[in-house]
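Chain letters run A, B, ... following the sequence lines, proteins first and then strands; every chain starts at 1.
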Amino acid sequence: MNSTPVRNLRFSQVIGEAISLEMEADEKVLLLGEDIGRSGGVFGVTRQLQARFGEARVRDTPISEMAFTGMGVGLAMAGYRPVVEIMFVDFIGVCLEQVMNAMSKIPYMSGGNTRVPMVLRTAGGCIGSAAQHSQCLWGLFAHLPGMAVVCPSSPHDYKGLMAASIQSDDPVVFIENKRQLNKLVSSYPLDAFVPEERYTVPLGKAKVVREGSDLTLVTISASVGDALVAASRLEGEGVSVEVVDLRTLVPLDIATVATSVSKTGRLLVVDEDFLSFGMSGEIIARTLEELGTAAVRQVKRHAMPDIPLPASIALEQAAVPSADSIADVIRSMS
Amino acid sequence: MNSTPVRNLRFSQVIGEAISLEMEADEKVLLLGEDIGRSGGVFGVTRQLQARFGEARVRDTPISEMAFTGMGVGLAMAGYRPVVEIMFVDFIGVCLEQVMNAMSKIPYMSGGNTRVPMVLRTAGGCIGSAAQHSQCLWGLFAHLPGMAVVCPSSPHDYKGLMAASIQSDDPVVFIENKRQLNKLVSSYPLDAFVPEERYTVPLGKAKVVREGSDLTLVTISASVGDALVAASRLEGEGVSVEVVDLRTLVPLDIATVATSVSKTGRLLVVDEDFLSFGMSGEIIARTLEELGTAAVRQVKRHAMPDIPLPASIALEQAAVPSADSIADVIRSMS
Amino acid sequence: MPLQGESVPANEPSLIELYHTMLDMRHFEEACLEGVPTREIHGELHTGIGQEAVAAGIAPWLRGDDALVSTHRNHLHGLAKKVDPYRLMAEIFEKDTGLCRGRGGHMHPFDPEKRFSATGIVGSSLPVALGFAYAAQLEKTDAVAVAVIGDGASNTGAFHESLNMAAAWKLPLLVVVEHNSYAISVRFSEVSATPTVAERAPAYRMWARHVDGTDVEAVSEAAAEAFAHVRGGSGPAMLEATCFRFRGHYEGDHDTYRPRDERKRMLVENDPLTLAEKRLTELGLASEEEMARWREASRTRAREMLARVRSDPLPPASELHRFSFAGI
Amino acid sequence: MPLQGESVPANEPSLIELYHTMLDMRHFEEACLEGVPTREIHGELHTGIGQEAVAAGIAPWLRGDDALVSTHRNHLHGLAKKVDPYRLMAEIFEKDTGLCRGRGGHMHPFDPEKRFSATGIVGSSLPVALGFAYAAQLEKTDAVAVAVIGDGASNTGAFHESLNMAAAWKLPLLVVVEHNSYAISVRFSEVSATPTVAERAPAYRMWARHVDGTDVEAVSEAAAEAFAHVRGGSGPAMLEATCFRFRGHYEGDHDTYRPRDERKRMLVENDPLTLAEKRLTELGLASEEEMARWREASRTRAREMLARVRSDPLPPASELHRFSFAGI
Ligand SMILES: Cc1ncc(C[n+]2csc(CCOP(=O)(O)OP(=O)(O)O)c2C)c(N)n1
Ligand SMILES: Cc1ncc(C[n+]2csc(CCOP(=O)(O)OP(=O)(O)O)c2C)c(N)n1
Ligand SMILES: [Mg+2]
Ligand SMILES: [Mg+2]
């Protein structure tokens, strides 16, 4: 797609680059969170940022998520663009209050007189840390009104969607995937080119990342990579899979999904978040509302089962959707 | 259905009766929460219980939801059956941590060696209290694994499901509807008979509360009453609506829904909780997974729009599903 | 404007001024009460009747660039922060002419120009105020961020987290505690480790003072000191004011949890308006007649405002989705 | 068993006993470390290496009917609570023979018989311990509920809410604070209003003591007092022990945030085992040779346990859903 060579970067560095460029461009952007300053973040996303922008703009906080998330809300109301990190999305239970009742509701409750341009950065995904450190939970945020929910997959999107999130005048929850953060972008199964300059990828536009004719596979976050791997394998078996990367759950670009499904007639939703009452059901329902049931021959879901994630690798592997399991599910549909 | 006269009770009293009978039967049952003791609860559910069972078992707490919800978890681990009240479900953001990572995960994380027989009682529903006091959020709990999610509708179920919840060895979230709590049970559009004795209604069994042939309307909580009113009206217009009361979202009795939809061929889900990424999408997806798309002619949703609930009655009425709006939606489907 | 760093500023407000502020506050709330039986205000309503001396006592020291974040019981703090009373009342009455076009209602008024906001979640005013305090520190101004809380809120986790952060970073946060001894029906003394909130301040090494919140002069004097402390850059402060909530927790609350004589006594003995009147008389600053005239004038103003608000339109249902995201 | 209400109980453990406990703790953790490079333990692992004196010092005073709720760094507290080391290690190695059949892993061990549990969420041990404390009060026993927390956890809302409730209701809660000065990379001093956690105790009117957590005898003596206070029905207590975390926050943490010489120095000067050895020598209680033999015997026991654990099976994938609800 692009002739410039892929840089030797980790996903974490790509996000850091986006934040850094936004901080340069707008002095109102500042960061709050645990371990983001001196240590540069437990996944290294904010490395060097405190050295470059000073302690006031890259601030290590105590383990007081309620206070510093609300601090973000107050700062946004006072004219700043805070980027607040909740280290793991699993910890949201100690401060969801400020997210659900303040950050995301104040714009509407105020009748539009107050905007809350705040980004809540957090990390989801399964890397062997068991039930309290492996959740994704984008379905939880997407159920609550008033905030954009952004879950990038490609290196290019990690950067462009972060930039768009910081520039957005609306509150945004930005969920990074721990399965990707420490990896090199070159491991991404599609184009891993990330421009050095500042750019944005708009919120609310899904992307067909692989064209196909037999089945539409809709997914988000790290599972997009797994889906692409599975789709390549199935090509050899004569199954042509179209893969849609949703990129954001809110706003949700159902038109792109519907266009694809109206072509393939079959829909599989893959979700690393819990199966029930989340993304997979929503995508199926909306697609059918769009197209009518007659236009869709088959719907199927493959997601994290509705259990706390077990510690043991033997069980974890049986639970988390992977390229292998995705391929198996597609074979079972054929 | 029953010849015994309907007692002159409010819904709140029915719940209190259930709790009271369980407290008599099992001294391990105890209650924690704000204003549940001396004042008997802001909706009067626990009135008289402190006088009858003593302060140790009906304890007024400070506004420290994280601490007293976790206290419930510890008590359950120590052999008690705590019933913890979170006054309004909207406040869950200050203590979701203990609900999502402790109460509902410990049974699995412990490999079954520890059970958490705890009931988290709370109230949802819209009674004019705007964005921070009007949510339902059953979709949020149902997305998180490990807890039963119970949302009764009929007077009989309020009592029987509460009894079953307290007797359950699993963690249960029990969501009462503020639109009903202060009402007389006789206002319920179906049989409002509530036996005086102790009984249970099993968790995980949906109920066809009205039979019909043209359309299956699936809903839960107070909307069941509204759906019944709408269905009666439409009968006069020649539309025969079958109404399914889910009663619990977890466990979910999709078989009852599927059986009905396989008969009517059309599915409408009505939900007082937010539209997206919640109950309505899940019910549609599961039904189609069960029956296949060919067996369903039409699917539709009617739910709280994805906005914070506005304060003004003019806007609130435009947002919350009612008997009128349900009837309109059904007419639009015909 | 108060002088920086001085404990007693030059322009101490007169008792007469403070009394006038309290009168307008009382009549504002009484006007609101009229919207309840008519269901013009259709959710629960929390008024500050009986607690006027706290809001009135801090009002003189609040500057335009100070931020104030209040609670479910927020009207008087809005008035103290000089929010347009008419637009505040219109919001309480759910009108399209209200501060928030009827979206917020009485528990969620937002006035960004006056830097006034509120929340209906107990304890949640503190973290948001912390953000305003951090902004002031970043901007090196001497603006103060005020968080108002009730006694009940002092037992929330948000209280501890916010005070610790404010103190660790020396943020210009002033916490005003309206200690009316009750969180709905629950007595502070029955669920709290300390009889006062102020005595928790050493855990945050912060300045704190406890004051009789029915004595508007005492509140104003203590507030002057508290603001001076915070404006002077010495870190956060706490001002705890003991007061009495005259009505139920919300309109419709039967208030059965407070002994009848306790309620009766407080109305007679602890009314900040009556107490101010007594003192005005004692000091020979105003005659009974004058005060009666003032009361009447204030009531009339409130009633005229009410009439105007009542004739305002509700927001149109067609605009239900408006304001949910920027550009919508 | 400690005597009620006495500050120094009769059966004070000997330094030799305490040293043995610490040795076994150190070797237990060192055995666990071996599972990291092999990915037998495939999530992050937090060990208590360097902090043994705290767990070992409270161990003698813990009774079977006491409950203990620990943190992400919980192994040593499990051993102190007399959880079967083999089953604990098997759980850490994600085995079907582990305490929780491999579901919990190293951050979430549960042993209901020993009344031991943990959580991976900072601050969340406190509310759960509060429940055990309430149970003890209801049952009128003199059992104690112990919540272990780190210094970082003392800045969470859960800390404040739990301590306030424990104090208001005089619950038998003992909070043990392992103050190693860091929450991952964040220094306590940079984000906290007070230099110690113990000095926050007056905000809860609770008993508190600060102790050198590298001196196992000092910890044991202070723990004896703390347990006696709580068992005696005088309400909650806090025991803060200053200590040093020898390794990164978790295995794999590059620990770049601590100056190299700070790290070096602590290994030399603040190792509770070395300090105990020095004292044993000074007091003439054990020779170098004897101690070397003890160390060797303890290491061998741990390695034998490790070998046994390693040969155990993983839970079968077919049982993925098992235990999610009662009866499943
Ligand atoms: C987190 C949370 N819990 C409970 C409530 C319900 N509630 C609203 S006001 C209130 C009492 C508040 O007491 P206090 O802080 O003393 O303020 P006061 O009403 O006395 O002014 C309660 C419990 C809430 N809004 N938020
Ligand atoms: C609520 C919450 N926030 C953040 C984390 C991530 N985290 C895990 S341990 C830790 C540091 C804890 O510090 P401290 O309490 O001092 O314990 P220590 O690790 O020093 O033993 C953090 C921030 C978490 N698990 N839970
Ligand atoms: Mg109060
Ligand atoms: Mg620490």
Under a 4.5 Å heavy-atom cutoff, which of A:Gly111, A:Gly79, A:Ala76, A:Ala78 has the most pairs with chain C?
A:Gly111
d(C:Leu320 CG, A:Tyr108 OH) to nearest 0.5 Å is 4.5 Å
Counting a contact as any heavy-atom pair under 4.5 Å apart, which residues of residues 152-170 of chain C contact chain A?
C:Ala158, C:Glu161, C:Ser162, C:Asn164, C:Met165, C:Trp169
Do A:Gln98 and C:Val128 make a side-chain contact, defined as non-hydrogen atoms from C-beta onward lying under 4.5 Å apart?
yes
Step through the shown structure and confirm whether more than 12 heavy atoms of other residues, nucleotides or ligands are within 6.0 Å of CD on C:Glu113.
no
Do other residues, nucleotides or ligands put more than 12 heavy atoms under 6.0 Å from A:Glu27 CD?
no
Chain A heavy atoms under 4.5 Å from C:Gln137: which part of the residue, side chain, backbone, both or neither?
side chain
Starting at CE of A:Met109, measure out to OG of C:Ser117 and round the result to the nearest 0.5 Å.
9.0 Å
Toward chain A, the part of C:Leu173 with a non-hydrogen atom under 4.5 Å:
neither
Contact summary for C:Leu171 and A:Met71, nearest pair of heavy atoms
CD1-CE, 3.6 Å
Once rounded to the nearest 0.5 Å, what's the spacing between atom CD1 of C:Ile121 and atom CE of A:Met100?
7.5 Å
CD1-CZ distance between A:Ile106 and C:Phe110, expressed to the nearest 0.5 angstrom
4.0 Å
Identify the two heavy atoms, one from A:Tyr80 and one from C:Ala135, that lie closest to each other, and give their separation to 0.1 Å.
CE1-CB, 3.6 Å
From A:Leu30 atom CG to C:Leu138 atom CG, the distance as rounded to the nearest 0.5 Å:
6.0 Å
Would you indicate whether C:Arg308, at its atom CZ, is surrounded by more than 12 heavy atoms from other residues, nucleotides or ligands within a distance under 6.0 Å?
no
Who are the side chain to side chain donor-acceptor pair (under 3.5 Å) partners of C:Lys95, not counting sequence neighbours?
none
Contact winner vs chain C - A:Arg115, A:Arg59, A:Arg57, heavy-atom pairs under 4.5 Å:
A:Arg59
Part of A:Asn113 within contact of chain C (heavy atom distance under 4.5 Å)
both
Checking A:Val250 against chain C: side chain, backbone, both or neither under 4.5 Å from a heavy atom?
side chain
For C:Arg322, is it the side chain, the backbone, both or neither that has a heavy atom under 4.5 Å from a heavy atom of chain A?
backbone
Checking heavy atoms, do the side chain of A:Ser168, its backbone, both or neither come under 4.5 Å from chain C?
neither
How far does CD of A:Glu97 sit from OG of C:Ser124, to the nearest 0.5 angstrom?
3.5 Å
Shorter than 4.5 Å, heavy atoms on both sides: which option in A:Ala56, A:Gly74, A:Pro117, A:Gly146 has the most such pairs with chain C?
A:Gly74
Given a strict heavy-atom distance threshold of 4.5 Å, which part of A:Glu55 is in contact with chain C: side chain, backbone, both, or neither?
backbone
Ranking C:Ser324, C:Gly327, C:Ala326, C:Gly104 by heavy-atom pairs under 4.5 Å to chain A gives rank one to C:Ala326
